[in-house]
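Lettering of chains follows the sequences in order, A, B, ..., and the numbering in each one begins at 1.
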There are 4 protein chains.
Amino acid sequence: MGNTYGKIFKISTFGESHGVAIGVIVEGCPAGLGFDLAFVQHELDRRKPGQSRITTQRKEADTVELLSGVFEGQTTGMPIALMIWNEDQRSKDYSHIATQYRPSHADYTYQAKYGLRDYRGGGRSSARETAARVAAGAVAKLLLRQLGVQVQAYVSQVGGLKLEKTYQQLNLSLTDLNAVRCPDPDMAAQMFDYIDNIRKQGDSVGGVINCVLTGVPAGWGEPVFDRLHAELGKAMLGINAVKGFEYGSGFEGINLLGSQHNDAFYTDQQGHTRTRTNHSGGIQGGISNGEDIYFRVAFKPVATIMQDQESVNEAGETVTVSGKGRHDPCVLPRAVPIVEAMAALVLADFYLRNLSAKIGAKV
Amino acid sequence: MGNTYGKIFKISTFGESHGVAIGVIVEGCPAGLGFDLAFVQHELDRRKPGQSRITTQRKEADTVELLSGVFEGQTTGMPIALMIWNEDQRSKDYSHIATQYRPSHADYTYQAKYGLRDYRGGGRSSARETAARVAAGAVAKLLLRQLGVQVQAYVSQVGGLKLEKTYQQLNLSLTDLNAVRCPDPDMAAQMFDYIDNIRKQGDSVGGVINCVLTGVPAGWGEPVFDRLHAELGKAMLGINAVKGFEYGSGFEGINLLGSQHNDAFYTDQQGHTRTRTNHSGGIQGGISNGEDIYFRVAFKPVATIMQDQESVNEAGETVTVSGKGRHDPCVLPRAVPIVEAMAALVLADFYLRNLSAKIGAKV
Amino acid sequence: MGNTYGKIFKISTFGESHGVAIGVIVEGCPAGLGFDLAFVQHELDRRKPGQSRITTQRKEADTVELLSGVFEGQTTGMPIALMIWNEDQRSKDYSHIATQYRPSHADYTYQAKYGLRDYRGGGRSSARETAARVAAGAVAKLLLRQLGVQVQAYVSQVGGLKLEKTYQQLNLSLTDLNAVRCPDPDMAAQMFDYIDNIRKQGDSVGGVINCVLTGVPAGWGEPVFDRLHAELGKAMLGINAVKGFEYGSGFEGINLLGSQHNDAFYTDQQGHTRTRTNHSGGIQGGISNGEDIYFRVAFKPVATIMQDQESVNEAGETVTVSGKGRHDPCVLPRAVPIVEAMAALVLADFYLRNLSAKIGAKV
Amino acid sequence: MGNTYGKIFKISTFGESHGVAIGVIVEGCPAGLGFDLAFVQHELDRRKPGQSRITTQRKEADTVELLSGVFEGQTTGMPIALMIWNEDQRSKDYSHIATQYRPSHADYTYQAKYGLRDYRGGGRSSARETAARVAAGAVAKLLLRQLGVQVQAYVSQVGGLKLEKTYQQLNLSLTDLNAVRCPDPDMAAQMFDYIDNIRKQGDSVGGVINCVLTGVPAGWGEPVFDRLHAELGKAMLGINAVKGFEYGSGFEGINLLGSQHNDAFYTDQQGHTRTRTNHSGGIQGGISNGEDIYFRVAFKPVATIMQDQESVNEAGETVTVSGKGRHDPCVLPRAVPIVEAMAALVLADFYLRNLSAKIGAKV
């Protein structure tokens with residue numbers, strides 16, 4: 001359980017880090033959507049390893065294969081299966097961690113829960129699984145694009161280096177132009193050096209990814225439990241290494257009084273109902289109000305480090321877990337497309353759920 | 001949609017702030033659990049209005065009625081329906097907000113989504129709905145109590161007043177002894193005065209609630225999308241006025257390197273696998289590891305204030321929304337049992353989901 | 001589990017035969033639907049006991065109460081809670097069956113599954129629970145009526161008395177004009193006498209209910225597992241005492257060859273794609289094709305009879321279960337509105353599910 | 001939507017008849033189950049085309065590939081992905097039916113619902129999709145086998161040829177020994193000749209498959225909507241060409257009075273609660289009672305025939321649909337493993353759902 005997401009636009013992922021393949025079934029995508037496999041591949045390329053020296057040097061081409069659900073370039077309403085073969089998965093030697101529990105990994109908890117585990121590269125608990133989500137998220141983005149909705153994430157903090165500018169003060173089209181995926185070139189350069197230094201120490205560092213959703217019309221999201229931000233929060237917290245989520249004014253909003261925090265309504269020149277400020281983060285009562293939606297996601301420093309660590313094995317004996325191989329000293333640059341993918345999946349689902357909100361409802 | 005929560009231990013709530021009644025159906029509670037209606041009422045009493053002068057003076061007895069699912073003091077495995085009548089709901093006059101959009105409330109978004117709304121007291125978007133969750137959460141607590149699991153929340157911050165002590169440094173049994181529900185008596189007194197002052201200004205203030213889950217065995221939670229902390233996050237973000245969620249080291253964890261953040265395993269004197277630190281917050285790979293689970297929930301200052309505010313009405317005309325009546329200047333004291341209820345519902349569901357994790361699996 | 005039905009138009013029922021109340025939450029009904037409580041009551045009246053001397057003489061007014069989800073005569077998109085109080089439920093004496101297993105009832109299986117049971121009147125396994133479904137089905141009918149869809153069931157067989165006419169040869173508006181709910185007056189009179197005779201013997205008899213769904217446009221239903229007829233089948237088999245379901249040509253279709261059974265397409269004078277015959281029963285590949293949908297539901301003779309029967313008790317001892325009190329010698333007349341309610345719930349859900357079938361899809 | 005089945009033991013299938021591949025993700029299978037890929041292949045071989053001259057001569061090896069969820073021969077609790085490549089799928093020419101609606105196929109309804117369709121071999125509406133279910137069902141059978149539960153189906157009727165013996169009078173181990181999968185050798189020979197004759201005429205014929213589930217303990221199934229037989233019914237009606245379902249006494253039960261139909265309880269020599277007759281078909285109140293479960297499934301003559309038929313095309317013009325190529329004159333022999341697979345999936349899910357029925361519940 002736990003391997004599916006969504007109510008109408010629904011995905012199921014499968015696969016382990018060093019199994020035969022990973023993949024995803026996207027169900028509930030409306031028929032008649034133009035399908036663009038090159039775009040799916042483009043999104044996967046943004047997540048794949050080896051993009052620069054501050055990401056893991058593991059080699060995975062991550063070539064996606066389309067198995068079903070598209071006919072003559074259009075979605076058919078049938079499940080869209082996308083698969084990525086794992087390369088060289090048989091050649092790896094993981095016997096040294098077969099019985100050891102790596103600190104702050106899922107080794108111990110999977111063993112406790114299931115009584116056994118696929119220890120090769122972390123099995124299913126590896127972030128490799130997120131490639132399947134990025135593929136599915138690309139399909140969601142194709143759907144959202146038709147509706148004029150855009151999903152843009154970027155790295156806003158790495159360790160102590162924090163970008164103080166708001167998203168309105170940044171040019172988000174610059175995000176993908178550097179290896180860190182921070183749209184401020186100066187800050188990006190600082191972050192790069194910082195991460196590279198951490199890499200040389202064999203250590204890891206965390207940070208924050210910001211995400212902005214523009215073009216979402218008023219009315220997406222559901223009351224009570226399935227609020228738009230609650231699903232965004234769940235989706236983000238379901239990404240490996242995420243420790244926190246806040247939207248709109250977030251934790252900082254505590255420092256304002258209600259009279260300062262409330263977003264006054266006004267009618268703009270086009271006759272639309274708008275708010276003068278946007279502490280609400282584009283969501284009120286769990287439902288989008290037509291303003292920009294924005295949120296922040298905290299990532300811990302990843303657990304894999306190239307240093308020796310004390311731990312125990314399955315027998316309860318003290319062992320030393322050795323750091324060796326290749327790792328990501330900072331996952332944030334590669335997590336940007338993952339955050340976007342999960343946000344796109346949430347939005348696509350709420351778009352479809354909203355179709356039945358009222359008699360004769362549209363978009 | 002959006003009015004149900006849970007996969008096996010599942011609740012459906014209904015009712016509007018000023019409708020006939022609110023209530024909940026709890027489905028999936030195992031048969032043979034001793035049912036304690038007085039405990040359910042006790043939890044509701046912790047949430048009900050009018051507990052002190054810093055909470056709204058609205059009068060609601062919130063007496064719960066049991067309609068089904070219990071026979072001779074035990075749950076039967078059938079749906080447990082719990083209902084709370086709304087008192088005096090017919091006498092209120094809400095015509096002044098019938099067409100106005102109160103700033104940062106759900107008036108506008110509900111209108112946009114549904115084409116109409118029950119404007120009386122906010123209808124279903126009112127926090128009154130959370131009484132139904134507290135009733136359901138009490139049933140979940142009864143189940144968890146049998147398993148030795150405890151759920152304890154408390155107020156740790158109000159506006160700028162922040163309790164710096166960790167939960168280990170506090171005596172959580174003191175939480176309910178003051179009107180603020182902060183377990184540090186000195187800080188509680190300061191917070192009380194601060195809130196009371198805000199109340200006199202007709203303004204509102206937000207804050208943070210911390211929550212600690214003890215006694216959860218290793219193995220609860222599911223991989224990938226339904227991680228224990230992802231569901232906790234969704235559950236918390238589904239509470240009115242919540243803007244952020246973090247667990248374990250949270251947003252602060254960014255300031256540590258991986259070598260500092262990783263929780264080393266050791267074997268304790270009873271032979272249990274334990275961690276020396278707990279930056280993981282009791283959850284690794286989305287699954288509990290047997291350590292304490294702890295998280296923090298940020299609440300904005302509530303939107304209802306006793307001051308005049310600029311806004312628009314359905315016709316798009318500028319209007320002044322007047323503050324009148326009674327309000328909660330700070331929802332946190334009453335939100336403590338709501339946070340606990342939602343956490344208990346998450347845990348009860350994961351407990352039951354875990355029963356099928358492995359061949360012959362138990363608890 | 002098992003107490004909810006539907007994906008978008010979704011119901012959750014609660015309550016036991018002799019508990020405080022029974023009821024239902026209808027979630028997912030679109031906002032803006034005119035709500036007609038008198039119609040809901042009318043449907044319940046069709047199901048209630050005591051309508052003639054061939055139904056049980058138990059007295060239940062079955063007055064429905066609306067608790068939420070409707071404002072100023074329209075649905076709001078919020079959960080619609082409907083409740084029916086049980087009358088006199090405290091005065092009954094069921095101690096004689098507290099430990100006995102009534103043959104072909106659910107006493108033994110509930111005891112085996114749950115370890116205890118509410119034995120009063122069969123608890124939740126009683127057909128009294130279906131009143132909640134009829135109330136919910138009435139809401140579904142209100143929605144379908146707006147779309148021009150009609151749901152009509154009638155009794156076509158009681159024991160050996162079988163109506164050979166097809167639904168096209170009958171005037172279905174006559175159905176409710178007699179106590180049996182058979183639209184052929186002569187056959188209805190024969191059935192009445194037959195059932196009355198069975199009643200005098202303290203025995204029971206089964207039969208068949210036919211149902212016709214007209215006005216369903218092409219496109220409702222989903223591929224593979226959630227075919228329109230598969231959900232109709234599940235819904236019917238979920239009604240107490242149902243043993244079989246067939247649609248279109250059903251079991252009789254076996255006697256035709258493919259060349260005889262296939263429904264040839266033609267284009268009618270309005271330019272619509274139609275079929276010359278309708279062995280498909282209005283459903284092809286699990287999806288409606290615009291022709292009438294029709295199906296048949298087999299009911300066994302109900303288990304409650306007014307005769308002594310051999311059985312065992314919880315201790316495994318042989319006992320005699322005595323027939324006493326009041327019973328329905330034939331449930332079919334009262335089951336007609338239940339069949340209609342379940343069919344309406346299936347259709348309402350598929351209508352809403354179909355809204356997301358294709359880009360820009362409508363009805 | 002509609003491409004997933006199950007609540008805990010849950011499957012999602014994908015793939016079109018002439019797409020790249022078909023496959024299935026099995027989620028929720030407990031960890032620690034011995035996995036036997038050869039057995040999965042064996043089940044697929046029972047379903048594959050070309051087994052005798054009375055099944056289609058289409059050549060598909062249907063070799064299954066395991067992609068995930070198994071490690072060192074055991075299930076890991078992670079999704080089990082199984083894939084079958086379609087062979088030669090690119091070489092087929094279907095342009096002649098690209099715009100024609102084949103009578104009693106899903107061509108028209110898919111076109112109406114989705115606005116376009118993959119017309120090659122019926123796309124996803126083809127029974128080829130059921131290969132994925134057979135693969136998933138094999139996994140369910142592996143789980144059930146551990147619990148002592150057996151699932152056995154057989155052909156009991158082809159056109160007018162009906163086997164009058166009950167399953168107790170047959171030796172079900174003979175079922176797979178003939179091409180018809182009828183356990184009575186004499187009847188099997190008659191059926192073979194009959195089908196072969198139909199084949200020569202280019203026509204098709206339907207029939208009935210019976211299924212028996214033995215070893216199911218008391219307690220599986222859920223109340224109200226998710227009764228064991230309701231889910232069995234839905235599962236069977238979800239198989240291509242199925243028109244009817246009945247369990248226990250079924251439609252025939254109508255000819256008995258309640259006093260004849262009720263199954264008297266007694267205590268057997270081992271102290272178990274048993275019933276003297278089994279008109280209930282092993283299910284009472286929707287829950288298994290420990291007796292054999294048996295049911296019957298009606299299949300229409302399949303729509304594909306080798307004869308010319310009148311129809312229309314997308315433009316509404318009258319056309320002649322030509323019969324050509326290869327077809328199954330009678331699908332029943334190949335449908336036997338499909339019926340078993342769906343029944344096994346239903347049972348596996350109810351087994352796991354039952355784990356949370358009561359405090360401390362087991363199997």
- [ ] Can you tell which part of C:Asp107 gets under 4.5 Å to a heavy atom of chain D, answering side chain, backbone, both or neither?
- [x] neither
Open item on the list: At a 4.5 Å cut-off on heavy atoms, which part of C:Phe295 comes close to chain D: side chain, backbone, both, or neither?
Closed with: neither
Open item on the list: Please report the interatomic distance CG(D:Leu237) to CD(C:Glu246), rounded to the nearest 0.5 Å.
Closed with: 10.5 Å
Task: Pairs of heavy atoms under 4.5 Å with chain D: top-ranked of C:Ser204, C:Gly206, C:Gly285, C:Ala106 - done: C:Ser204
Task: Best-contacting candidate, C:Gly286, C:Gly159, C:Gly290, C:Gly122, against chain D by heavy atom pairs under 4.5 angstrom - done: C:Gly159
Open item on the list: Counting heavy-atom pairs closer than 4.5 Å to chain D, which one of C:Asp226, C:Asp203, C:Ile305, C:Thr275 comes out on top?
Closed with: C:Asp203
Open item on the list: Are C:Tyr266 and D:Thr318 packed together at the side-chain level, in the sense that at least one heavy-atom pair is separated by less than 4.5 angstrom?
Closed with: no
Task: chain D contacts, top residue of C:Arg124, C:Gln307, C:Arg133 (heavy-atom pairs, under 4.5 Å) - done: C:Arg133
TODO: Using the ring of C:Tyr247 (Phe, Tyr or Trp, six-membered ring only), decide whether D:Lys243 places NZ or CZ under 6.0 Å from its centre and within 45 degrees of its axis.
DONE: yes
Task: Donor-acceptor under 3.5 Å (C:Lys113 side chain, D:Gly221 main chain) - done: yes
- [ ] Taking all non-hydrogen atoms of both residues into account, name the closest pair between C:Gly238 and D:Ala230 and its distance.
- [x] N-CB, 4.0 Å
TODO: Pick whichever of D:Ser249, D:Pro103, D:Gly2 has the most heavy-atom pairs under 4.5 Å with chain C.
DONE: D:Gly2
Open item on the list: Measuring only between side-chain heavy atoms, which start at C-beta, is C:Lys7 closer than 4.5 Å to D:Met1?
Closed with: no
Open item on the list: Rounded at 0.5 Å granularity, tell me how far CG in C:Asp263 sits from CD in D:Gln309.
Closed with: 10.0 Å
TODO: Report, as yes or no, whether the 6.0 Å neighbourhood of atom CD on C:Gln270 holds more than 12 heavy atoms from other residues, nucleotides or ligands.
DONE: yes
- [ ] Measure the CZ-CD distance between C:Phe251 and D:Gln157 for me, rounded to the nearest 0.5 Å.
- [x] 9.0 Å
- [ ] With a 4.5 Å cut-off on heavy-atom pairs, point out which of D:Gln201, D:Arg353, D:Arg276, D:Arg296 contacts chain C the most.
- [x] D:Arg353
Open item on the list: Below 4.5 Å, heavy-atom pairs only: which of C:Gly281, C:Gly233, C:Ser280 has the largest tally toward chain D?
Closed with: C:Ser280
Open item on the list: Counting heavy-atom pairs under 4.5 Å with chain C, which one of D:His105, D:Met236, D:Glu222, D:Glu317 comes out on top?
Closed with: D:Glu222
- [ ] For residues D:Val224 and C:Glu129, determine if any side-chain heavy atom of one lies less than 4.5 Å from a side-chain heavy atom of the other.
- [x] yes
Open item on the list: With a 4.5 Å cut-off on side-chain heavy atoms, are D:Ser125 and C:Gln284 touching?
Closed with: no
Task: Among D:Pro329, D:Ala241, D:Gly202, D:Gly207, residue most engaged with chain C (heavy-atom pairs, under 4.5 Å) - done: D:Gly207
Task: Under 4.5 Å from any heavy atom of chain D - which part of C:Arg227 - done: side chain
TODO: State the OH-CZ distance between C:Tyr101 and D:Phe265, to the nearest 0.5 angstrom.
DONE: 8.0 Å
TODO: Any chance you could measure C:Phe225, atom CZ, to D:Leu345, atom CG, to the nearest 0.5 Å?
DONE: 7.5 Å
Open item on the list: Let me confirm one number: the NE2-OG distance from D:His279 to C:Ser104, rounded to the nearest 0.5 Å.
Closed with: 9.0 Å
Open item on the list: Counting heavy-atom pairs under 4.5 Å with chain C, which one of D:Val302, D:Val319, D:Asn240, D:Leu256 comes out on top?
Closed with: D:Asn240
- [ ] Could you tell me whether a side-chain N or O of C:Thr267 sits under 3.5 Å from a main-chain N or O of D:Gly316, the two making a donor and an acceptor?
- [x] yes
Task: Contact origin within D:Ile198 toward chain C - heavy atom pairs under 4.5 Å - done: side chain
Open item on the list: Do C:Lys358 and D:Leu116 make a side-chain contact, defined as non-hydrogen atoms from C-beta onward lying under 4.5 Å apart?
Closed with: no
- [ ] Would you mind reporting whether C:Pro223 and D:Tyr114 have side-chain heavy atoms less than 4.5 Å apart?
- [x] yes
- [ ] Work out which heavy atom in C:Gly250 is nearest to a heavy atom in D:Ala298; give both atom names and the distance.
- [x] O-CB, 4.4 Å
- [ ] Answer yes if the side chains of C:Asn289 and D:Thr109 hold a donor-acceptor pair under 3.5 Å, and no otherwise.
- [x] no
- [ ] Check for a donor-acceptor pair, side chain of C:His261 on one end and backbone N or O of D:Ala303 on the other, with a separation under 3.5 Å.
- [x] no
Open item on the list: Shorter than 4.5 Å, heavy atoms on both sides: which option in C:Ser259, C:Ala235, C:Gly253, C:Gly115 has the most such pairs with chain D?
Closed with: C:Ser259
Task: D:Ile287 side chain near C:Tyr110 side chain, heavy-atom distance below 4.5 Å - done: yes
- [ ] Side chain from CB out, backbone as N, CA, C, O: work out which of these in D:Ser288 comes under 4.5 Å of a heavy atom of chain C, or both, or neither.
- [x] backbone
TODO: Check whether any side-chain heavy atom of C:Glu314 lies under 4.5 Å from a side-chain heavy atom of D:Thr273, and answer yes or no.
DONE: no
- [ ] Go through the atoms of C:Gln260 and report whether side chain, backbone, both or neither lie under 4.5 Å from a heavy atom of chain D.
- [x] neither
TODO: Answer with side chain, backbone, both or neither: which region of C:Val242 has an atom nearer than 4.5 Å to a non-hydrogen atom of chain D?
DONE: backbone
